[in-house]
A.B. asks: 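If you scroll down you'll find the structure; I have some questions about it.
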Amino acid sequence: MPLRLYNTLTQTKEPFQTVQPGKVGMYVCGPTVYSNSHVGHMVGPVIFDTIKRYLVYLGYDVTWVVNITDVDDKLIVQAAKDGVTVKDLADRVTEDYLHCLHQLGVDGIDHMPKATEHIAEIVEMTQALINKGFAYASSGDVYFDVTKAPEYGKLSHRDPEALQAGARIEPTAIKRNPGDFALWKGSKPGEPAWESPWGPGRPGWHIECSAMSMKLLGEHFDIHGGGLDLVFPHHENEVVQSESYSGKTFATYWLHNGLLTKAGKKISKSDPGTVILMSDLLRDHDPDTLRCLFLSSHYRRPIDYGPGRLDEISRGLEAFRSLFDRFERLTGTSFFTLEAPTRKSDEEKVASSIPEIDEHRTRFLEAMDDDFNTGGAFGELYELVRALNRFADTHKLETAADPEALAGYRAGVVVLKELTQILGLFLHPRVQPEATGDSLTPKLLELLVNLRARVRKEKNFALADDIRNQLAEMGVTLEDRPDGTGWKIS
RNA sequence: GGCGCCGUAGCCAAGUGGUAAGGCAGAGGUUUGCAAAACCUCCACCCCCGGUUCGAAUCCGGGCGGCGCCUCCA
C-alpha cells in the first residue's frame, strides 16, 4: 500500500506524490528563541524526525529544514528584561533548543536557517510583493493586503469576509484592512534594525519562513509542517504571501501535529502555569521514554502530559530493554551496534525464519503508510517482542546449543532493529554507571552477585534473599536466570 | 458566535462497514529454592438517541461532553 498523508489544506488523506521524483523537501516551523524549550516544542521535531526517517526508509532523498526565528517583538521585550542583547538571548535559547533536539535523537535536520541571516531575501520578497500590488508600505511598515488574494483563508478554511469582520482584530490607521499583516516592521530607536527601502526595520513574523523555505527548498516543495496552533494566522499568511510572490503552489502537503496539554490545557509559553521545561524532563527521563510519549498516539491528536504518564511508558519499555539484554547474552552482540536495513528495498534480505515476525513487520509498515500511524505501529513492536521471546523460550536458547534457532532469533531481532530505527527509538543504550565514569559500582555488584551465588549453592536462601531485598531497596534488581545472575539499576 | 478536532476497558491507545491491536494497572497459571524476567490465559455490548444497511465503534442526522484556532504560541 502506498504512503498516504492527511493534508490540512484539503482536509483529506492523499497519496504521496513528490514534486521531483525521489526527492522530498520538508519545512517545519521552529521556535522563536526568546525562552527555553518546553515539552510542547519537542513534539513537532520528534514527529517530523520520525517522518523523515520513514521517508528515507522508503527511499526518498529528504531535505529537512527547521527555521530559527531570532528577531521578533518577544525577543526584544525579553532581552530588555534580562538586560542582554537580542543576539545573546537568541544564541542562548537556540543552544538549549539544539541540546534538547540532540538528546531526543532528532538528528535529521539538514538546515537551520536564522531569520537574521536572511534579511536580504526578505527585503527582496517584500519589495516584489509591493511591485506586484499585493503589499503596500505605510509609515515605515509594509503590509500584505489580504483583499488582493481571493484565496486567502484556504488553508485554515476560514471565510475572508468573516476574518475581516472579526471584532478581535483591531483596525488601525496605518492598515488598509484589519486582517492585513506586516511583512516588514519599522523599528523604534534602540531596537534591532536593518536598512530597507522603507527605512530601518525588521521582518514581520511570517515572512522569514516564506523566504527561507523557498531559498532552501525551492518555490514549490513537498511538506510543510508545524503545530496545529500555527495554521492560522502563521501558515495561512505564509501560503498567501509565498504564492502571491511566486505564482506557484507553495507546499503540496500541510501537516500539523496536535498540541501537548497538561491536565487538559494547552502547554503554552504565554500560560506559565503549564510550562514544563524540556531540559528538566531530560534530567529525569530516558529520551526513548519521551519520544514514546510523542509517538504512542497519532501525531494529529493532542497528547495529555500527566505526572504518571512517563513512568507508565517507561515501564512498558522495559520489555524492550529486557529483550536487548537477553539478545546480548545469547549472541554476544549489542542490540545497539546491530546492523539492520535502513531502506525498505532491502526487505528480501531480512525475510526471517519466524513467520509472525514478517507479519508484524508488514503491519507496522502499513500503519506507517497510513498517515504515519505511529500508535498502531507501536503495537506491532510489542507483538514483535513477544514473538521473539516466545521463540527464544520455545527453543530454550539459553540452555540448548541450537545454532540454527539462534540464527533465526538473531534475524528476528534484526527486524526489530530495522523498525525501531524508523521511530528513532533505542538508538543508544541507556546511561548506566559504567558510562558515567563510575567503574566501582559494577565491580562491587559483581562481587556481591558472586558471593551470593556461593551462598545460594550452599542453600542458604535466607541470606541470598536478604541480599537481593536490600539491593532492591537501593534500586538494584537481581535476576537469577538459568545461565547466571544479572543485575540492573532502575 | 464562526471554523476545525475529539469522545473505544480503571488509565493511555490502534482500529473508519463484517461482530474490538497494543501498553500500564489487575486476576489466574507455567517457570523459579523463592523472586525477577519471560511465556500462556482472563478482563470492553466502542458518550447518548434516532436513521441507512443483511450487518456500524466505523456512514448520516440530532443531542451531550471535552479541546484547539479565530490574539503571541510547537
Side-chain angles (χ1 to χ4, degrees), chain A residues 8 11 28-32 34-35 37-48 66 72-74 77 153 156-159 162-163 165-170 179 205 225-234 236 256-261 264-271 292-293 296-298 300-304 306 308-309 311-319 321-323 325-326 360 363 367 370 373-394 398 456 459-462 464-465 468-469 472 477-482 485-488:
Chain A
T8 302
Q11 300 178 298
V28 176
C29 287
T32 299
Y34 72 92
S35 70
S37 299
H38 64 245
V39 235
H41 291 121
M42 293 297 126
V43 178
V46 166
I47 284 162
F48 287 98
V66 175
D72 162 275
D73 294 0
K74 295 244 178 185
V77 171
S156 54
H157 308 282
R158 275 154 223 260
D159 177 10
L163 287 173
R168 299 173 77 175
I169 304 169
E170 293 284 318
W205 173 36
L228 263 168
D229 54 347
L230 294 182
V231 177
F232 188 90
H234 184 55
E236 190 69 60
H256 292 99
N257 62 270
L259 306 174
L260 201 67
T261 59
K265 286 186 72 180
K266 178 182 159 188
I267 292 174
S268 167
K269 281 186 198 172
S270 45
D271 187 354
C292 285
L293 173 69
S296 58
S297 76
H298 187 89
R300 218 171 329 103
R301 293 189 51 164
I303 307 162
D304 196 60
R309 192 76 185 99
D311 293 329
E312 196 178 303
I313 293 170
S314 184
R315 248 172 281 140
L317 258 28
E318 278 304 317
R321 297 179 185 126
S322 303
L323 185 135
D325 289 344
R326 187 179 195 181
H360 293 305
R363 288 211 207 111
D370 183 13
N373 181 0
T374 51
F378 224 90
E380 298 305 324
L381 249 30
Y382 276 100
E383 296 271 18
L384 214 56
V385 167
R386 191 188 301 162
L388 249 14
N389 279 323
R390 198 186 298 134
F391 183 86
D393 286 353
T394 310
E398 266 80 11
R456 285 178 72 212
K459 303 234 186 284
N460 185 351
F461 295 122
D465 291 352
R468 189 172 61 198
N469 292 339
T477 311
L478 292 190
E479 289 180 18
D480 294 323
R481 294 179 294 254
T485 296
W487 57 269
K488 65 180 170 189

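Quick note on labels: first sequence line is chain A, next is B, and so on, each numbered from 1.
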A.B. asks: By nearest atom, which of the nucleotides rA74(B), rC3(B), rG15(B) is closest to the His157(A) side chain?
C.D. replies: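 Given the options rA74(B), rC3(B), rG15(B), the side chain of His157(A) is closest to rC3(B).
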A.B. asks: Name the nucleic acid region contacted by Gly379(A), choosing base, sugar-phosphate or nothing; use a 4.0 angstrom heavy-atom cut-off, strictly under.
C.D. replies: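 Here Gly379(A) touches the bases of the nucleic acid.
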A.B. asks: So if I take every side-chain heavy atom of Arg390(A) and compare against rC40(B), rA74(B), rG15(B), which nucleotide ends up nearest?
C.D. replies: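 Of all the options, the side chain of Arg390(A) is nearest to rC40(B).
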A.B. asks: Whole Å only: how far is the OH atom of Tyr382(A) from the P atom of rC40(B)?
C.D. replies: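 Taking atom P of rC40(B) as the reference, OH of Tyr382(A) is at 15 Å.
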A.B. asks: Between rC69(B), rA74(B), rC39(B), which one does the side chain of Arg158(A) approach most closely?
C.D. replies: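 The listed nucleotide nearest to Arg158(A)'s side chain is rC69(B).
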A.B. asks: Please give, in whole Å, the distance from rA74(B) P to Leu260(A) CG?
C.D. replies: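 Taking CG of Leu260(A) and P of rA74(B), I get 13 Å after rounding.
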A.B. asks: Check this for me, if you would: do Glu312(A) and Arg315(A) make a salt bridge, where the nitrogen-to-carboxylate-oxygen distance has to be below 4.0 angstrom?
C.D. replies: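 Here Glu312(A) does not pair with Arg315(A) in a salt bridge, since their nearest N and O are not under 4.0 Å apart.
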A.B. asks: Ignoring backbone atoms, establish whether Asn373(A) has a side-chain N or O less than 4.0 Å from OP1 or OP2 of rA14(B).
C.D. replies: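 No, because none of the side-chain N or O atoms of Asn373(A) sits under 4.0 Å from OP1 or OP2 of rA14(B).
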A.B. asks: May I ask you to say what Gly40(A) touches in the nucleic acid, namely base, sugar-phosphate or nothing, with a heavy-atom cut-off under 4.0 Å?
C.D. replies: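 Result for Gly40(A) = base.
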A.B. asks: Looking at residues at least two apart in the chain, or sitting in another chain, which of them share a side chain to side chain contact (heavy atoms under 4.5 Å, CB included) with Arg481(A)?
C.D. replies: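 Partners of Arg481(A) by the side chain to side chain contact (heavy atoms under 4.5 Å, CB included) criterion, ordered by chain and then number, come out as Arg329(A), Glu479(A), Asp483(A).
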A.B. asks: Return the pairing partner of rG4(B) with a 3.5 Å limit on both distances, Watson-Crick or G-U wobble; otherwise return none.
C.D. replies: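 Across all strands, the one nucleotide that pairs with rG4(B) is rC67(B).
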A.B. asks: Report which part of the nucleic acid Gly30(A) touches: base, sugar-phosphate, or nothing (heavy-atom distance under 4.0 Å, all strands).
C.D. replies: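 Sugar-phosphate, backbone atoms only, no base.
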A.B. asks: In chain order, what residues pass the side chain to side chain contact (heavy atoms under 4.5 Å, CB included) check against Asn389(A), with sequence neighbours excluded?
C.D. replies: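 Here the qualifying residues are Leu323(A), Arg326(A), Val385(A).
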A.B. asks: Can you build the contact string for nucleotides 6-13 of chain B? Use B for base contact, S for sugar-phosphate-only contact, and - for no protein heavy atom under 4.0 Å.
C.D. replies: -----BSS
A.B. asks: Once each nucleotide of nucleotides 29-37 of chain B is scored for protein heavy atoms under 4.0 Å, what B/S/- sequence comes out, 5' to 3'?
C.D. replies: ----BBBBS
A.B. asks: Taking atom C1' of rG1(B) as reference, at what distance in whole Å does atom CG of Asp159(A) sit?
C.D. replies: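 Roughly 14 Å, once rounded to whole Å.
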A.B. asks: Whom does rU32(B) pair with, Watson-Crick or G-U wobble, provided both distances fall under 3.5 Å?
C.D. replies: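 Its partner is none (no Watson-Crick or G-U wobble pair with both distances under 3.5 Å).
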A.B. asks: What does Ile267(A) touch in the nucleic acid at a heavy-atom separation under 4.0 angstrom: a base, only the sugar-phosphate, or nothing?
C.D. replies: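 Base contact.
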A.B. asks: Should Arg363(A) be listed as having a side-chain N or O under 4.0 Å from OP1 or OP2 of rG22(B)?
C.D. replies: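 Negative; the distance criterion is not met.
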A.B. asks: Mind checking what makes salt bridge (charged side-chain N to carboxylate O under 4.0 Å, His left out) contact with Lys74(A), not counting sequence neighbours?
C.D. replies: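 Expected list: none.
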A.B. asks: Less than 3.5 Å between a donor and an acceptor, one on the side chain of Ser156(A) and one on the base of rC3(B), is that the case here?
C.D. replies: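 No, the side chain and the base share no sub-3.5 Å donor-acceptor pair.
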A.B. asks: Under 3.5 Å for both donor-acceptor distances, Watson-Crick or wobble: does rC24(B) have a partner, and if so which one?
C.D. replies: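 Its partner is rG10(B) (Watson-Crick or G-U wobble, both distances under 3.5 Å).
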A.B. asks: With sequence neighbours excluded, tell me which residues meet salt bridge (charged side-chain N to carboxylate O under 4.0 Å, His left out) with Asp465(A).
C.D. replies: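 Residues passing salt bridge (charged side-chain N to carboxylate O under 4.0 Å, His left out) with Asp465(A): Arg468(A).
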A.B. asks: Going by salt bridge (charged side-chain N to carboxylate O under 4.0 Å, His left out), name the residues that satisfy it together with Asp311(A), two or more places apart in sequence or in a different chain.
C.D. replies: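 Here no residue qualifies.
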A.B. asks: So does Trp487(A) get a backbone contact from the side chain of Thr477(A), meaning a donor-acceptor N/O pair under 3.5 Å?
C.D. replies: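 It does not hold such a pair.
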A.B. asks: When we call it a touch if two heavy atoms are under 4.0 Å apart, what does Lys269(A) touch: a base, just sugar-phosphate, or nothing?
C.D. replies: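 Answer is sugar-phosphate: Lys269(A) comes under 4.0 Å of backbone atoms only.
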A.B. asks: Going by the rule side chain to side chain contact (heavy atoms under 4.5 Å, CB included), which residues pair with Glu380(A) if we only count those two or more places apart in sequence or in a different chain?
C.D. replies: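 Once residues adjacent in sequence are excluded, the partners of Glu380(A) under the side chain to side chain contact (heavy atoms under 4.5 Å, CB included) criterion are His360(A), Arg363(A), Phe364(A), Glu383(A).
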A.B. asks: Compare all side-chain heavy atoms of Asp271(A) with those of Lys266(A) and state whether any distance is below 4.5 angstrom.
C.D. replies: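 Not touching, per the 4.5 Å side-chain cut-off.
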A.B. asks: Partners of Asn460(A) by side chain to side chain contact (heavy atoms under 4.5 Å, CB included), sequence neighbours excluded?
C.D. replies: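 Listed in chain order: Val455(A), Ala462(A), Leu463(A).
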A.B. asks: Which part of the nucleic acid, if any, lies within contact of Leu228(A), taking any heavy atom under 4.0 Å across all strands shown: a base, the sugar-phosphate backbone alone, or nothing?
C.D. replies: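 Counting heavy atoms under 4.0 Å across all strands, no contact is made by Leu228(A).
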